[in-house]
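Down below is the structure, laid out as structure tokens.
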Number of protein chains: 2
Amino acid sequence: MAATAHFSTKDRILGAAEELFAQFGFSGTSLRQVTSRADVNIAAVNYHFGSKENLVNEVFRRRMDEMSAHRLSALKAALEKHPGELEPILAAFVEPALAIAQDRHGGAAFVRVVARAYAEKNDSLRKFLSDHYGHVLRDFAKAIAACVPGLSKEELYWRLDFLAGALTYAMADFGLIKRPSGTAEKAHRERAARELIRFAAAAFNS
Amino acid sequence: MAATAHFSTKDRILGAAEELFAQFGFSGTSLRQVTSRADVNIAAVNYHFGSKENLVNEVFRRRMDEMSAHRLSALKAALEKHPGELEPILAAFVEPALAIAQDRHGGAAFVRVVARAYAEKNDSLRKFLSDHYGHVLRDFAKAIAACVPGLSKEELYWRLDFLAGALTYAMADFGLIKRPSGTAEKAHRERAARELIRFAAAAFNS
DNA sequence: GTCTATACGCTGATAGAC
DNA sequence: GTCTATCAGCGTATAGAC
């Protein structure tokens, strides 16, 4: 695969799916659109991915791996450069998520699938998430606990849940706040991150 | 309609749709499932609702109207009984959502429908919500602004969005926190509401 | 192993008879 | 208002070519 400049059938499907999911949403994209854009036969999807749902999961896994890596390296940097400070830890959690969410290339599809993973209570998907990315949350919980020693473990986890909810909501751009048409997407995202970090810092410190 | 104990075709479709959407999601539920459960003809949906999308909106509207009315009357009571206090206002926002979530007659279904809308990032549904219930959020924003005079309007709206995200997440039981098997569902939800109100109060007061 | 042609049982939607 | 009939498009499955 490194020996050729051509993309494989599988990669072309992934790329086309990612673009179309971002533009039209998950259920708004048909496999026929995907395979037409990728210039492959309709049956190739089921050959390479088994099902449409699994194709979505594969698109999702790519982003999640990337986001988790960014979160962990940002956490490491935050602990080294700002030991004992809460906000840099929260920034390490929030910023990679919002960056991925607003990435042009498939970010919107990623957001949709993240939320689905929870909403569907799909146990195998939940297990996949917990198995592959649970250690990330645990690292953040430990780092936050060290900054806010008065917090019980139960309260800590409740608040992490609330932060995750607010973050997911912000990622999906679901709320009242709409980006003013004059504002660049990047500036809007940075504003969202800054606001959420301050919000969460105040809440964790209470 | 008040003259008879029978439910109309339209109401039977709405009830069946709410239950099925909660269980299988929007795109996971076919109109044939809905009409089969409601014991009406498949074409009745398009006759009464025009489209599947509009049926989704109507399912939402029934519950949202109820929840919004509860929120507004609770807000009024909070402002009269506890003028100048933030936490009663937040409780007026959070607790009706809790109440709906606990309602025997489809309330749990409603919460899951909201969660799914959020997960699937259904744009038309989102616009519908914003058009019809934006004024409720605006009333809360005004009440909160009076309690936290230092907050800019923009910051206020960001924080309301974060609160809404955390609330949606928590009410749908999305997060890490799992209800211990010995705990009653009602007690668990009341714990969630209490934690969230404290969390949000700290965040708004920062 | 990869890929294609083809078809099956569904879907949401609509037109027109009653 | 409600029904039947029918439509194009959907995700999926499989047989078989290379």
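First the proteins, then the strands, lettered A, B, ... as listed; each starts at 1.
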> In Å, rounded to the nearest 0.5 Å, how long is the span from CG of B/Leu75 to NE2 of B/His70?
Replying inline: 14.0 Å
>> Taking the basic N atoms (NZ, or NE/NH1/NH2) and the acidic carboxylate oxygens, is any pair closer than 4.0 Å for A/Lys186 and A/Glu190?
In response: yes
> Does A/Arg62 come within less than 4.0 Å of A/Glu66, counting only side-chain N to carboxylate O?
Replying inline: no
> Which residues in residues 29-43 of chain A have at least one heavy atom lying under 4.0 Å from any atom of DNA chain D?
Replying inline: A/Thr29, A/Ser30, A/Leu31, A/Arg32, A/Ile42, A/Ala43
>> Which residues pass the ring-ring contact (aromatic ring centres under 6.0 Å, His included) test with B/Phe140, not counting sequence neighbours?
In response: B/Phe93
> For DNA chain D, which nucleotides open and close the run of contacts to chain A, 5' to 3', at under 4.0 angstrom from a non-hydrogen atom?
Replying inline: D/dC10 to D/dT14
> Roughly, in whole Å, what's the span from NE2 in B/His48 to P in C/dA13?
Replying inline: 15 Å
> Looking at A/Tyr47, is A/Lys10 sitting on its ring face, NZ or CZ under 6.0 Å from the six-membered ring centre and within 45 degrees of the normal?
Replying inline: no
> Starting at CG of B/Asn46 and ending at P of C/dG12, how long is that distance when rounded to a whole Å?
Replying inline: 9 Å
> What is the distance from atom OH of B/Tyr169 to atom OG1 of A/Thr168, rounded to the nearest 0.5 Å?
Replying inline: 4.5 Å
> When rounded to the nearest 0.5 angstrom, what is the spacing between CD in B/Glu154 and CD in A/Glu195?
Replying inline: 7.5 Å
> To the nearest 0.5 Å, how far apart are CG in A/Leu137 and CZ in A/Arg71?
Replying inline: 7.0 Å
